[in-house]
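Here the structure comes first, spelled out in structure tokens, and everything after it is commentary.
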Number of protein chains: 2
Amino acid sequence: MTPNTVHTRALISVPPIPDTLSPVTSQPTPPAVGSRSDKKERTRRAILDAALGLTEDTGLAGLSLRQVAKEVGIVPTAFYRHFDSIDQLGLALVEESFSSLRAMIRDVRQGSPSLGQIVDRSVAVLVEHVRADRAHFGFIAREQSGGSAVVRDAVRRQFELFERELATDLARLPMDHWSSADLQILSNLIVGAMITTSESILHAEARDLTEIRHRARSQLMMMIVGALNWKSRQPD
Amino acid sequence: MTPNTVHTRALISVPPIPDTLSPVTSQPTPPAVGSRSDKKERTRRAILDAALGLTEDTGLAGLSLRQVAKEVGIVPTAFYRHFDSIDQLGLALVEESFSSLRAMIRDVRQGSPSLGQIVDRSVAVLVEHVRADRAHFGFIAREQSGGSAVVRDAVRRQFELFERELATDLARLPMDHWSSADLQILSNLIVGAMITTSESILHAEARDLTEIRHRARSQLMMMIVGALNWKSRQPD
DNA sequence: CCTTTCAGTGAACGTGCGTACACTGAAACT
DNA sequence: AGTTTCAGTGTACGCACGTTCACTGAAAGG
């Protein structure tokens, strides 16, 4: 291990012909476009990815600057060129992770006429997204109750935001007469179930997925049907 | 659990005044009852309590043997007289915490005739127990996705057990015709909501409690009413 | 009374950590 | 062409950690 030291410079100097013309445009290190700020951005990404991977085992609390640096292939102190602290790294990951989550709900929104279809589609999209982006969903699930107060709070604030968004979506169902407070309550319940389901997906074998899908569908159906019936029978 | 035999003799030897006499018989270290194994048990408890307290900030992952030892007032190496590792400490805390949770559901079970009363009583008992035993509930919530794999798995296994218990309880509601699989699904949903509510309670100010209570009641009602209506309309 | 047991001691070790500091060399700017 | 910027380097520091080992002294037990 650690065959590095100076060879990074060697890698850079491999195609040293840049500004003049090169007839064959194929690049052996393909994303070699740009320099300076591009390179910095690439390192930043590498740090985020390394952190996302390393956190899977230990949580953000058990993540050390030196581990990340080694994984990325830089010296520990170079980390500070990109983030002030591990906490700042964590906040960036929170941001990223919730972008992924928002992309998911955008997927659900399009289409979906009947109520039954909304349920089916929601579950399908959830399962698909969680499996396609395990790292980010796992990160959220973990750091929601994780060791860093500032990251934990950030996750919770994002969830509250997400919950409010879902509440306005729910208003488009035949629940027009509901108060926004009650929509919030329902939304809170649904988001909670979504988190639980996500966690199930995350540590499930592939063969368990149909069962999880079935369960999620049933639960979502229960919640919606329950909300409708409960409100209609006890007007407030 | 090795409830040893010898401590009766210790009780007899409580007044150990023999050699020199002191006119004032008051002992400045009053809980001096028992010796050896009693003292060991007391130290063990102190370790568990210290760990429970220290984990509040950092999670079990961020807990060090030396911290605990300092808090308890023993030298680091003495820790090993009581636990093989921090993980073993964690497992003991899992055990303890779920005892607390089971005590809770035992409280719910007694009484509770009508459905509405079950809901009210359940929520009341939940809020009360979580507030009375913040440390244990917080520990469960944290370590459910915590850093130690063995502790995390233990928590999840306990939750599955708890879920199954709740499912058999639910069978006593007018849901006799439900399959046990469907009861499990409902139970899973309810337990998830319970966890979410517990977390809300844990980091809520006292004045928010009535709102949380209201929300929990509404959600539990939605779930039960929803389950009943959904199943009756789509027999499977 | 004499021996055994064992909870707690205290010094010492190797390791990984965050962070400081002075540095280098290529890209960017003037 | 000359200067500035700045991502990444390398050394070195003090600290907290888990674990080892030989120990002590009082309680338990024959």
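Chain A is the first sequence line, chain B the second, and so forth, proteins listed ahead of strands; every chain is numbered from 1. Both backbone and side-chain heavy atoms feed into the values below; hydrogens, waters and symmetry mates do not.
- Classification of the B/F79-B/F83 ring pair by plane angle, with boundaries at 30° and 60°, yields tilted.
- Using a 4.0 Å cutoff on non-hydrogen atoms, no part of residues 52-62 of chain B comes near DNA chain C.
- Contact between the side-chain N/O atoms of A/S64 and the OP1/OP2 oxygens of C/dC17 is found at a separation under 4.0 Å.
- Of the candidate nucleotides C/dT9, D/dA26, D/dG8, C/dT9 has the atom nearest to the side chain of B/A78.
- Toward the 5′ end of DNA chain D lies the nearest nucleotide of A/H82, the other residue of the pair A/H82 and A/R66 mapping further downstream.
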Exercise. Go through the steps for A/Q158 and A/R102 under the test side-chain hydrogen bond (donor to acceptor under 3.5 Å, both in side chains), then give the verdict.
Key: CA-CA 10 Å; A/Q158 289 280 7; A/R102 268 177 239 287; 2.6 Å; yes
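- With hydrogens and angles ignored, a donor-acceptor pair under 3.5 angstrom links the side chain of B/R81 to the base of C/dG8.
- Residue A/T77 is in base contact, counting any heavy-atom pair closer than 4.0 Å across all strands shown.
- Side-chain contact between B/N188 and B/Q184 is absent, with no heavy-atom pair separated by less than 4.5 Å.
- If you check C/dA28, C/dG8, C/dG18 against the side chain of B/I74, the one that comes closest is C/dG8.
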Quiz item: Could you walk me through whether A/R215 and A/T197 pass the side-chain hydrogen bond (donor to acceptor under 3.5 Å, both in side chains) check?
Solution: CA-CA 9 Å; A/R215 187 176 67 189; A/T197 301; 5.7 Å; no
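- Under the 4.0 Å criterion applied to side-chain N and carboxylate O atoms, B/R45 and B/E96 are assigned as salt-bridge partners.
- For the pair B/Q219/A/M223, no side-chain contact is recorded, criterion being any heavy-atom separation below 4.5 Å from C-beta on.
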